[in-house]
Amino acid sequence: MNSLSKVHVPLGPDAYDISIGGSIHQRLGELYPAPPGSRAALITSDNIAQLHAATVRESLCSGGWDLEMFVVADGEAAKDLAVAGDLCRRLAQSGFDRGAVIFALGGGVIGDLAGFVAAIYLRGIAFVQLPTTLLAQADAGVGGKVAVDLPEGKNLIGAFHQPDAVFIDTSVLGTLPDRYLRSGMAEVIKHAAIADEELFGFIEENMERIYARDPEALQHLLTRNCQIKVDIVIQDPRDTGVRGLLNLGHTVGHAVEAGAHWAIHHGEAVAIGMVAETRLAVELGICGEGDLERLVALLAAAGLSADTSAVDTKVATAALRRDKKIARETLRLPLMTRIGKAELFETVSIEQLEAALANAV
Ligand code: GLY
């Protein structure tokens with residue numbers, strides 16, 4: 001039997017557990033059995049359905065769930081109000097009531113979309129995250145942020161809607177292409193950089209095992225990673241304060257993504273952003289050069305060396321100026337002060353941030 005670790009998310013009436021281990025999809029029926037008469041909607045995308053839906057369906061049905069599957073197209077375009085509206089209509093046509101549960105099987109797009117549908121359908125029903133990419137397992141699937149995009153920008157319509165449970169099956173990373181694993185590693189390294197030097201050291205020493213999808217290494221990595229994120233989220237579930245620490249690398253990173261017309265992956269952009277923002281922290285005298293070098297070395301070892309050839313500097317700079325955090329003129333920038341520690345700073349000027357972006361691309 002594969003081992004299982006749990007991270008509890010103590011959010012009062014919204015409390016839930018994150019379960020992490022190998023082959024969890026095979027064990028869903030026993031780990032999350034249906035209350036009598038319960039119906040469930042499994043929302044997933046084409047590609048994930050082919051890889052994982054049969055296992056998940058079989059397991060949930062063995063746990064007594066009366067399950068109906070809803071498949072959307074792969075890709076970010078599915079995070080759309082029309083797609084969410086269509087899913088709500090299909091749930092209504094199938095007669096799903098407030099006791100129904102949505103299972104979100106997929107990467108960040110599916111977690112955000114299905115979670116958003118769960119937040120709005122009948123004013124909110126329960127949902128369970130079954131994240132299948134490292135990015136979603138390490139970040140997007142944990143913490144209750146759900147959203148769809150607008151033509152005007154990503155994640156502009158959304159909600160805070162905590163899942164009822166999260167099941168992280170590390171075995172599914174076996175079919176995840178390396179580029180996607182690298183993208184998730186950027187968020188894991190971010191969590192280590194802001195809060196846990198020990199996890200940072202573990203990644204330094206175990207990179208080969210992680211990329212070889214060693215089950216024990218992945219389980220330790222994700223358990224520590226989720227605990228770090230949970231420790232921050234529970235202090236500020238609605239993201240008005242300390243949760244901003246989780247944005248390390250994201251202010252410059254989002255601008256880089258826009259500058260590359262989203263041809264580079266989120267984690268790749270975050271890696272560029274983390275280096276640029278930490279270089280700024282060194283220039284401001286709040287982080288040591290040695291810590292920056294250690295961060296740069298670890299990102300390089302994870303295959304996340306900055307390749308900015310696809311980034312249009314003008315587009316990136318324009319995106320930075322439009323950034324909602326900056327546009328509000330209350331820039332609270334998280335910066336790493338040493339490996340394993342970050343703080344929020346309100347003293348960084350927009351010009352300094354623009355210079356950091358310009359140096360990075
Ligand atoms: N991804 C950052 C957060 O959940 O706040």
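All ligand and atom numbering here is 1-based and tracks the order in the structure. Worth knowing before you read on, the calculation uses all heavy atoms, side chains too, and leaves out hydrogens, waters and symmetry mates. Computed from a predicted model, the values in this text were never measured in an experiment.
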Subject >> Check: His266/Glu187 side-chain N/O donor and acceptor closer than 3.5 Å >> reply: yes
Subject >> Any N or O of Lys229 closer than 3.5 Å to N or O of ligand 1 >> reply: yes
Subject >> N/O separation below 3.5 Å, Lys145 to ligand 1 >> reply: yes
**OP:** Give a yes or no on whether Ile234 and Val166 share a hydrophobic cluster (residues Ile, Leu, Val, Met, Phe, Trp, Tyr; joining criterion: side-chain heavy atoms under 4.5 Å apart).
**Re:** yes
Original post:
Where does Asp139 meet ligand 1, judged by heavy-atom distances below 4.0 Å: at the side chain, the backbone, both, or neither?
Top reply: side chain
Subject >> N-O pairing of Arg338 and Glu343 below 4.0 Å >> reply: no
Original post:
If you draw the axis of the six-membered ring of Phe96, does the NZ or CZ of Arg39 fall within 45° of it and under 6.0 Å from the ring centre?
Top reply: yes
**OP:** Could you check atom 5 (O) of ligand 1 against the protein and tell me its nearest heavy-atom contact, residue, atom and distance included?
**Re:** Arg243 NE, 2.7 Å
